[in-house]
Amino acid sequence: MVLPSAGELAEVLRAAGVEVLIRPLSVLRREFLNSRGLARLAPALARDGAALARLIGRRRIALVHSNTSVVLGGAAAARLAGVPHLWHVREIYSRFAAAWPVYRRVLLTASALPCVSRAAAAQFGPTRRAVVVLDGLATDARRAPRSAARRALGLDPDAPVIAVLGRISDWKGQDVLVRAIAEPALRDRRAVGLIAGRAWPGAEDRQRRVSELARELGVEDRVRLVGFRADVDTVYGAADLVAVPSTEPDPLPGAAIEAAAAGCAVVASAHGGLPEILHDGVTGRLVAPRDPAALARVAAELLDDAPARERLGAAAARDVRSRFAAAAHLERIQALYEAVRARRGV
């Protein structure tokens with residue numbers, strides 16, 4: 001496994017017996033998704049391709065599998081070495097319309113495009129290269145006992161709590177939760193918004209804006225920002241509901257998968273890959289994106305109906321733990337490897 005930097009992933013892989021090589025690689029950030037940005041990456045791509053191609057030759061590697069977050073280096077290396085290349089698509093690029101036609105053509109040079117959801121695959125249009133390979137659960141998500149979880153987070157044991165977990169960003173919807181908390185349906189119930197996560201380094205202003213919005217709406221006493229929590233089971237246990245209010249189409253939010261696997265009742269935006277995770281009214285609830293009033297209305301219904309929350313959470317856990325099982329994911333990936341190699345005669 002070649003990674004662009006050392007970190008927790010490298011440590012986990014090594015502990016599992018995987019050889020890890022750390023090499024600086026050109027990583028595709030969202031700010032590069034325009035013609036000028038892609039052109040700025042060109043020199044680094046050439047270096048990546050040449051170095052990785054030499055590695056492929058030395059190790060007699062039969063296939064290259066890279067994420068779309070690492071741009072072109074793996075593709076260039078595979079082409080130079082004459083081996084198949086899979087590009088794992090974990091993004092929906094609707095917000096980058098200007099650069100998407102060019103980047104789409106580049107991605108379609110891959111031997112196959114495993115996509116994390118139908119929503120991610122749909123952006124390529126009719127093509128045999130784009131195939132859906134659902135992610136596998138990375139953790140055994142559980143809920144801590146409610147009373148202990150609430151004590152750990154300093155929450156009122158009786159307050160209705162709605163949690164959002166994940167990176168604080170402009171499109172993950174933390175602001176939608178804050179606005180929903182200020183809606184009459186949740187204001188009257190004194191519901192608390194619990195935000196677990198932090199912004200990328202250098203983007204701390206996003207977190208500040210969330211706090212400022214809570215003050216402007218007069219709900220700063222009912223919005224709790226607890227930062228990054230490694231003990232997500234504590235957050236799940238403390239929450240009556242988990243919200244995934246993405247304002248832009250999210251390809252397959254891990255926050256929704258893990259919360260559902262933990263048995264939480266989840267309310268999510270009805271776009272991107274979220275409708276592929278949750279079946280509305282059966283394993284969760286879906287609401288219109290960017291609509292705090294809709295989120296507040298559905299959340300209030302569920303806060304008043306504990307049996308419905310328990311029913312949704314239990315059904316979600318059964319469904320998600322089956323469809324997103326790690327073993328099933330590995331089987332799908334292995335089958336794709338074999339199909340690609342068979343087509344190429346490798």
Side-chain angles (χ1 to χ4, degrees), residues 143 146-147 149-150 153-166 168-197 206-227 235-250 253 255-256 259-260 264-272 274-275 278-313 316:
R143 301 183 77 183
R146 175 188 172 97
S147 57
R150 294 215 167 182
L153 293 171
L155 294 170
D156 183 328
D158 299 318
V161 175
I162 306 167
V164 169
L165 297 89
I168 295 179
S169 74
D170 290 337
W171 63 285
K172 287 293 186 179
Q174 287 89 1
D175 62 314
V176 177
L177 175 63
V178 173
R179 294 181 187 279
I181 291 294
E183 287 286 322
L186 294 182
R187 185 188 290 271
D188 294 345
R189 288 167 175 79
R190 300 296 297 170
V192 173
L194 178 63
I195 299 175
R206 294 169 181 169
Q207 184 166 325
R208 187 182 67 252
R209 290 203 299 270
V210 171
S211 297
E212 290 173 351
L213 177 62
R215 283 195 296 273
E216 290 169 7
L217 297 175
V219 293
E220 65 270 28
D221 61 328
R222 293 190 293 113
V223 173
R224 293 287 309 280
L225 284 85
V226 296
V235 180
Y236 296 146
D240 294 296
L241 297 173
V242 171
V244 187
S246 307
T247 59
E248 298 291 340
D250 207 333
C264 298
V266 181
V267 182
S269 297
H271 60 175
L274 283 163
L278 304 170
H279 304 294
D280 189 33
V282 179
T283 60
R285 293 295 304 273
L286 298 173
V287 297
R290 299 177 292 276
D291 190 339
L295 175 59
R297 183 174 61 253
V298 170
E301 291 174 6
L302 290 174
L303 289 173
D304 291 344
D305 192 345
R309 297 199 306 271
E310 293 172 7
R311 184 172 61 251
L312 289 173

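These numbers were taken from a predicted model, which means no experiment stands behind them.
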inquiry  = Go through it in stages, so that I can follow the logic: the residues are Arg190 and Asp221, the test is side-chain contact (heavy atoms from CB on, under 4.5 Å), and I'd like the CA-CA distance, side-chain angles, deciding distance and then a yes or no.
reply    = CA-CA 10 Å; Arg190 300 296 297 170; Asp221 61 328; 3.2 Å; yes
task = Can you sort out the partners of Ala299 under side chain to side chain contact (heavy atoms under 4.5 Å, CB included), two or more places apart, ordered by chain and number?
result = Ile162, Leu186, Leu241
Do side-chain atoms of [X] reach the backbone of [Y] as a donor and acceptor pair under 3.5 angstrom?
| X | Y | value |
| --- | --- | --- |
| Arg143 | Tyr236 | yes |
| Arg222 | Gly193 | no |
| Asp175 | Val210 | no |
| Arg206 | Ser169 | no |

Closest heavy-atom pair and its distance - [X], [Y]:
| X | Y | answer |
| --- | --- | --- |
| Gly197 | Ile168 | O-CD1, 3.5 Å |
| Leu217 | Arg187 | O-NH2, 3.3 Å |
| Leu303 | Arg309 | O-NH1, 3.0 Å |
| Asp170 | Arg209 | OD1-NH2, 2.6 Å |

query = Can Arg189 and Asp304 be said to form a side-chain contact (heavy atoms from CB on, under 4.5 Å), step by step?
reply = CA-CA 9 Å; Arg189 288 167 175 79; Asp304 291 344; 2.6 Å; yes
inquiry  = When you compare the side chain of Lys172 with that of Val164, does any pair of heavy atoms fall below 4.5 Å?
reply    = no
Please output the side-chain donor-acceptor pairs of residues 285-296 that fall under 3.5 Å, not counting sequence neighbours, one pair per line with the distance.
unit_1 : atom_1 : unit_2 : atom_2 : d
Arg285 : NE     : Asp280 : OD1    : 3.4
Arg290 : NH1    : Thr247 : O      : 2.1
Asp291 : OD1    : Ala293 : N      : 3.2
Asp291 : OD1    : Ala294 : N      : 3.1

